[in-house]
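Taking it in order: structure first as structure tokens, then the write-up.
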Number of protein chains: 2
Amino acid sequence: MTPIATSSPRGRRTARSSGDDRESAILATAERLLGERTFADISIDDLARGAGISRPTFYFYFPSKNAVLLTLLDRVIEEANAAAGDVLDRLAENPRARWRELIHRFHETFGGHRAVVLACAQVRGTNGEVRRLWATVMEGWVQAIEAAIDAERSRGAAPDGLPARDLAIALNSMNERVWYATFAGDGPAVAEPDVVAVLLDVWLAAIYRNATPAPS
Amino acid sequence: MTPIATSSPRGRRTARSSGDDRESAILATAERLLGERTFADISIDDLARGAGISRPTFYFYFPSKNAVLLTLLDRVIEEANAAAGDVLDRLAENPRARWRELIHRFHETFGGHRAVVLACAQVRGTNGEVRRLWATVMEGWVQAIEAAIDAERSRGAAPDGLPARDLAIALNSMNERVWYATFAGDGPAVAEPDVVAVLLDVWLAAIYRNATPAPS
DNA sequence: GACACGCGTCAACACCCTGTCGAGAACAAT
DNA sequence: ATTGTTCTCGACAGGGTGTTGACGCGTGTC
């Protein structure tokens, strides 16, 4: 039910010992710099110097700047999937509490890596690899939510309505965009302490048509 | 109630006759090319050659590639605001129909300029000016929706709940992201013929808590 | 008609960034 | 010691951006 993370070796072709330090250094430098400026404003030279190597050497570890971001994104996704756990399988216990838990955990994970999340959202437009990875992951989450909605409908807790898949897409999309605005802080955004409650409220309204779904 | 468009002269410093053709040619070339490749893959030289001028001459008309996109975005926003009209002021007539009309009109406008919309969404991350413009416009729409929700609550058609502003932000965010996915066609997306119905359904559920809001 | 003056135009330049190549240094295993 | 792989970087090629300085071209002015 809970989707699996795609974790392929994104960096060097073969694994070795001393080079691992450099690879980590590049990754760490990237995440640090992402806290200060945009991804576009970080050059490969910045990454290389930050890791104590020269620019050509950078290319030994990563094929491009994008690959670094992709590796960072992989980690966050893995963490998010782990945090989500099997919450969706235990919905019937207490729907409202479980949905809240799900949204809350995602919020915590993304919030803990907002620099990476923000950067990925920003380059998704221009970077095909990030776009594809994100699309794949999103598809997994959408399917998980879709299945959960169908399950709630089957047991009579939620009324029929929109195709569950469409509803799942809409709600996931909302979360993504709302989190982005909240973390980026530009444009109209929900205040960070309220964001879980706001998202939860819309989810429950859309899925159950009222604010108090029935436990089993 | 309906937000006003911000239309400042984004291009040349002074207005003249023969140069207007070139300016239009640049804009037209940009929108055409945007239908073929990403904004990032279009160079200033492409724009200039498409308009029959040299690259340095391009800079006479626009200070940067971004400024061209900004001008294009201005137009779309103006069109969207015009299309929205005063629908929100006539909500009490028939809430469901009016909300549907609002969403439908935005859908038509954005769908008619998807290349521009997509490009703006893609560069919003790396381009501060586009980000600011979009944030301003979004703020206007959020305020309009917020006021409409408050009005519906005042007349007893919609129940109290989330702060109207937070709800307005969440719903607007959802629309933006869902449209983007639908137009871009990457990742999980709602099929284009269904998108208005899906968005409307979530809006009504979140605002009215049931599918059939009461007319006045 | 000659003269200014701002519009419109572009060749050439300076700069920055990406990605690659080839020559090697460091280090392991035999 | 030799061989092979990991690792490193100077130097180059290519492509994009933004700027500068000079040169035509129209229009109004006296």
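Each chain gets a letter, A, B and so on, in the order its sequence line appears, and its residues count up from 1.
Using a 4.0 Å cut-off, some side-chain N or O of A:Y61 falls inside it from OP1 or OP2 of D:dT8. At the phosphate of C:dC10, OP1 or OP2 sits under 4.0 Å from a side-chain N or O atom of B:T57.
At whole-Å resolution of the value, CG in B:L47 and P in D:dG18 are 12 Å apart. Summarising the geometry, the separation between CD1 on B:I53 and P on C:dC10 is reported as 7 Å, rounded to the nearest angstrom. Straight-line distance from the NZ atom of B:K65 to the C1' atom of D:dT17: 10 Å, rounded to whole Å. A:F62 places its CZ atom 15 Å from the P atom of C:dT18, with the value rounded to the nearest Å.
Salt bridge annotation for A:E152-A:R98: absent, with no cationic side-chain nitrogen under 4.0 angstrom from a carboxylate oxygen. Between A:R75 and A:E79, no side-chain nitrogen of the basic residue sits less than 4.0 Å from a carboxylate oxygen of the acidic one, so the salt-bridge criterion is not met.
Within residues 32-46 of chain B, the residues approached by DNA chain D to less than 4.0 Å at the level of any non-hydrogen atom are B:S43, B:I44, in residue-number order.
Atom CG of B:L88 is separated from atom CD1 of B:I145 by 5.0 Å, given to the nearest 0.5 angstrom.
The heavy-atom pair separating B:A115 from B:G35 by the smallest distance is CB-N, 4.1 Å. Nearest heavy-atom pair across A:A164 and A:D150 is CB-OD1, 3.4 Å.
For A:R55, the side-chain atoms get nearest to D:dA11 when compared with the rest of D:dA11, C:dG8, D:dC9. Comparing atom distances between the A:Y59 side chain and each of D:dT19, C:dT20, D:dC9 picks out C:dT20 as nearest. With D:dG18, C:dG8, D:dC7 as the candidates, the nucleotide lying closest to the side chain of B:F60 is C:dG8.
Checked against a 6.0 Å centroid threshold, the rings of A:H107 and A:F183 count as neighbours.
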